[in-house]
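The chains referred to below are lettered A, B, ... by the order of the sequence lines, with proteins before strands, and numbering in each begins at 1.
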Protein chains: 4
Amino acid sequence: MIPFKTFQNLSKDKQERITRIAVEEFSEKGYAQASINSIVSRLGIAKGSIFQYFGNKKGLFIFAFNISMNMVKDYLRTVRDQTRSENLFTRLEATLLAGVIFLQKHPVIYRLYIRIMFEYEIPFRNEILLSLREYSLKYFRTLLTDAAANGEIRAKLDIDKACFVLDAVMDRFLQAKILPHLDAGLGIYNTGEQEAREWIKELTDILRTGLGI
Amino acid sequence: MIPFKTFQNLSKDKQERITRIAVEEFSEKGYAQASINSIVSRLGIAKGSIFQYFGNKKGLFIFAFNISMNMVKDYLRTVRDQTRSENLFTRLEATLLAGVIFLQKHPVIYRLYIRIMFEYEIPFRNEILLSLREYSLKYFRTLLTDAAANGEIRAKLDIDKACFVLDAVMDRFLQAKILPHLDAGLGIYNTGEQEAREWIKELTDILRTGLGI
Amino acid sequence: MIPFKTFQNLSKDKQERITRIAVEEFSEKGYAQASINSIVSRLGIAKGSIFQYFGNKKGLFIFAFNISMNMVKDYLRTVRDQTRSENLFTRLEATLLAGVIFLQKHPVIYRLYIRIMFEYEIPFRNEILLSLREYSLKYFRTLLTDAAANGEIRAKLDIDKACFVLDAVMDRFLQAKILPHLDAGLGIYNTGEQEAREWIKELTDILRTGLGI
Amino acid sequence: MIPFKTFQNLSKDKQERITRIAVEEFSEKGYAQASINSIVSRLGIAKGSIFQYFGNKKGLFIFAFNISMNMVKDYLRTVRDQTRSENLFTRLEATLLAGVIFLQKHPVIYRLYIRIMFEYEIPFRNEILLSLREYSLKYFRTLLTDAAANGEIRAKLDIDKACFVLDAVMDRFLQAKILPHLDAGLGIYNTGEQEAREWIKELTDILRTGLGI
DNA sequence: GATGAATGAGATTTCATTCAT
DNA sequence: AATGAATGAAATCTCATTCAT
């Protein structure tokens, strides 16, 4: 949803501040539990203004969410393009590492993504999630197709299912960086970049060789 | 939380119906958004009754959740015990297949588990999540330890990280059975048992051999 | 209100127990805040029984309150009759001391009286309070009339107003025995019989001689 | 509790009207039985408004109560200061008369004070009661100490106990002005200023000379 | 006579949304 | 354009009372 003209007439500073606080609120509380009251009191502006800028709660959410997801997509696209000449597993490592670094810089945005992923009654939830998943799968398929062309992966490998495994493992790893209960003592949650590199190396290794003898 | 005496005095039929509708509501809307109003109107009983049975919303939730999680644990325990003599990858297949069958019979319960996993302000959330994760990790570690003793897995394999990969892939597969956006056209969502068996076979294969040549 | 026949058919033991618990509940919480739920759960009987015995909450209250006030009146009557031959100030001392002893034996009943005195929406409140006050004033008037006949008090004393002063001081003294905030460090609240005797002596003295030179 | 900014932005008229109705409601029904529903329907405003002004029922109560008690204290302070040069019994008369006049102007406030005094589960009840009692005792002790210095009272008089008697009689007299059951035909309740003056004169006289010959 | 499950009115509280200023 | 007072639906929860067993 496009914010109303009123919002676009604001100073870039104010626009940015409103967006940031809104993303924070939705990220901390999800959509239904997020409170316009809380947002305006954190912003120090009048409640009516939000409705003038975005029409309603839903409009604010869609706007804040789109902004956030575009940041993610921009970032991923950069990684993909910059590693084009590397082999698959190096690229996977680079992708995961890029995720870790993005997380450190924008923890709020990743949390927002997780909230939306697991909350039901969200405006345009289906469209949002479908678009995200397609983006992610396309990303991995590109990597695997490139790798197949270079003979880096087993010829008989089912690309779809391999995509699925990559998506599952890598998504879960990033989630465990910020959700302590997914870590449960494994040492992923809240650790530094160095520890993350070691985990990534090991995970990529397992993905390459599997568990069997 | 143990339901009050009044609830235990109800007919088994009524108890079962109330439990089922409550699990459905929490499963569909999560804890905060679930509405006692909605539950009682679906049940066709008076609002006060629920409070006589469970004291408050939290009591109802804890009860419904415990019932559900015990069903899951009972089921998993059976699978583990019945496959004790098999090799690791057969056991993993059996586990996933058992998950699929459980899901077909009780889709609502798996949804409930997912909601709880990703909602923030839930009663006893920390206790719940810790208990669930410990249960899951212990399950996989048992399987891997058995397999290591039998020389079924690579000697140098890091058990912790292998657990993590198994957990991530298998959890995601089951999620994709009921969450269309996690499937995104791969053909996992809402398909029959036969298709699931093929996916499972392939996934287990990838887990055994990895992606590399 | 007379309890229904069902109640009168109960064993004296059970009748007494129900009355006692009801008085305790009303004494602790007042009329509106008293809870039938709480009463029946303390009694361990069915909720319906109370309504079979007394019709409704109001009926139970009137019954419990009447029983209590009759105990007070019986006690006062005994004191008055047993001190008939003493002089006024000895009788006042005896009355106050009797009050203190009654309080020690039946603190719950005095509390009940205080609650009712200051709660508004009570069934038959006006009738109850009028009857109590009349009883109390009649009591003091009897004492003062006896004393006037014996020349123990000033001839020109206005009996009505003297009654008022006696009532005010003596009531407040007993209240301060159980309401800490009325004591506020004076040493009346919750002290033993010996200390009460000294206070009574001093108060009677002030009542006899006044504050002036 | 300080009311929120919204309340302070209302017109003085509206503020005053809300305060008055709230004091009336608490005064008539006490804290627990007072109903926000009732208050807003008397005011003809929306239920949510009260919560915007005061946060919750407790906040409204504390506000209404503080406003009321400050009116009382201001009034008493004026009386004390204006009678500083008079003798004790004149000052007591002035105090009582001031009480009577305050009562005529603000009967609701005195009722509120009484309700709070005898209701148990009130927010900040302990703090409130301690503060009130200390204020009252300090007031009387000041008067008696001044009088002792001027030789107006018996040398051996126990100041504490004399305070107690004064407090008891004067408080009860004011209560009987508005609580018919405390009057019971004595002619205090609801009578004019002239009758009050006569009662006060007589009461002060009894307090000075006592009942005895 | 005793039971206790069922009821529903009414309490406090939250919050997105509207709209007059 | 900005404000923030006003609103009212809906949430959780309590409890006296009824009535079938």
Asks: Partners of A/Asn37 by side-chain hydrogen bond (donor to acceptor under 3.5 Å, both in side chains), sequence neighbours excluded?
Replies: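 Here the qualifying residues are A/Lys47.
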Asks: Could you tell me how far apart D/Tyr53 (OH) and F/dT7 (C1') are, to the nearest whole angstrom?
Replies: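 From D/Tyr53 OH to F/dT7 C1': 10 Å.
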Asks: Would you mind telling me which residue lines up with the more 5' stretch of DNA chain E, A/Lys57 or B/Ile45, judged by nearest nucleotide?
Replies: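 First, find each residue's nearest nucleotide; the 5'-ward one identifies B/Ile45.
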Asks: Do the side chain of A/Lys47 and the base of E/dT17 come within less than 3.5 angstrom through a donor-acceptor pair of N or O atoms?
Replies: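 Yes.
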Asks: Here's a test of your reading of the structure: between A/Gly44 and D/Gln52, which maps to the more 5' nucleotide of DNA chain F?
Replies: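 Comparing both residues, the 5'-ward one is A/Gly44.
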Asks: Quick one, A/Ile128 with A/Asn66, criterion side-chain contact (heavy atoms from CB on, under 4.5 Å). Give me CA distance, side-chain angles, the key distance, then yes/no.
Replies: CA-CA 9 Å; A/Ile128 287 172; A/Asn66 277 343; 5.7 Å; no
Asks: Could you tell me whether the phosphate oxygens of E/dG4, OP1 or OP2, come under 4.0 Å of any side-chain nitrogen or oxygen in B/Thr6?
Replies: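 False: B/Thr6 side-chain N/O out of range (4.0 Å or more) of E/dG4 OP1/OP2.
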Asks: With sequence neighbours excluded, tell me which residues meet ring pair (Phe, Tyr, Trp, His ring centres under 6.0 Å) with C/Phe51.
Replies: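 In terms of ring pair (Phe, Tyr, Trp, His ring centres under 6.0 Å), with neighbours along the sequence ignored, C/Phe51 is linked to no residue.
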Asks: Between A/Leu10 and D/Ile50, which residue's closest nucleotide on DNA chain F lies nearer the 5′ terminus?
Replies: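 The residue whose closest nucleotide sits nearer the 5' end is A/Leu10.
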Asks: Under 4.5 Å between any side-chain heavy atoms of C/Ser11 and C/Lys14, yes or no?
Replies: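 Sidechains of C/Lys14 and C/Ser11: in contact.
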Asks: OP1, OP2 of F/dT3 versus side-chain N and O of A/Ser49: anything below 4.0 Å?
Replies: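 Checking A/Ser49 against F/dT3: at least one side-chain N or O falls below 4.0 Å of OP1 or OP2.
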Asks: Determine whether the side chains of D/Thr6 and D/Gln52 contain a donor N or O and an acceptor N or O closer than 3.5 Å.
Replies: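 No, no side-chain donor-acceptor contact under 3.5 Å.
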Asks: State whether D/Asn56 places a side-chain N or O below 4.0 Å from either non-bridging phosphate oxygen (OP1 or OP2) of E/dT12.
Replies: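 For E/dT12, neither OP1 nor OP2 has a side-chain N or O of D/Asn56 closer than 4.0 Å.
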Asks: Using atom CZ of C/Phe54 as one end and atom C1' of F/dT17 as the other, report the distance to the nearest whole Å.
Replies: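 For the pair C/Phe54 CZ and F/dT17 C1', the rounded distance is 16 Å.
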Asks: Tell me, do C/Lys29 and C/Ser38 make a side-chain contact under 4.5 Å, heavy atoms counted?
Replies: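 Of all side-chain heavy-atom pairs linking C/Ser38 with C/Lys29, at least one is under 4.5 Å.
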Asks: Dump the pairs, protein N or O against N or O of nucleotides 19-21 of chain F, anything under 3.5 Å, distances to one decimal.
Replies:
none

Asks: Show the numbers, then the answer: is there a ring-ring contact (aromatic ring centres under 6.0 Å, His included) between B/Phe7 and B/Phe63?
Replies: CA-CA 11 Å; B/Phe7 182 74; B/Phe63 173 74; 5.3 Å; yes
Asks: Between atom CD1 of D/Ile45 and atom CZ of D/Arg17, what is the distance when rounded to the nearest 0.5 Å?
Replies: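 It is 8.0 Å, given to the nearest 0.5 Å.
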Asks: Expected output is a numbered-order residue list: members of residues 13-43 of chain D with a heavy atom under 4.0 Å from any atom of DNA chain E. What is it?
Replies: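 Of all residues in residues 13-43 of chain D, the ones placing a heavy atom under 4.0 Å from DNA chain E are D/Ala34, D/Ser35, D/Ile36, D/Asn37.
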Asks: Residues in ring pair (Phe, Tyr, Trp, His ring centres under 6.0 Å) with A/Phe61, at least two apart?
Replies: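 A/Phe61 satisfies ring pair (Phe, Tyr, Trp, His ring centres under 6.0 Å) with A/Phe26, A/Tyr31, A/Phe65 once adjacent residues are dropped.
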Asks: Identify whether any heavy atom of B/Asn9 sits under 4.0 Å from a base atom; if not, whether one sits that close to sugar-phosphate; answer base, sugar-phosphate or nothing.
Replies: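 It contacts sugar-phosphate atoms only.
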Asks: Given the rule that a pair is Watson-Crick or G-U wobble with both distances under 3.5 Å, how would you write DNA chain F in dot-bracket, using | for pairs to a different strand?
Replies: .||||||||||||||||||||
Asks: Would you say that A/Val23 contacts A/Ile67 through its side chain, given a criterion of any heavy-atom pair below 4.5 Å between the two side chains?
Replies: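 Not in contact.
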Asks: Under 4.5 Å between any side-chain heavy atoms of B/Glu28 and B/Gln33, yes or no?
Replies: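 The answer is no; the side chains never approach within 4.5 Å.
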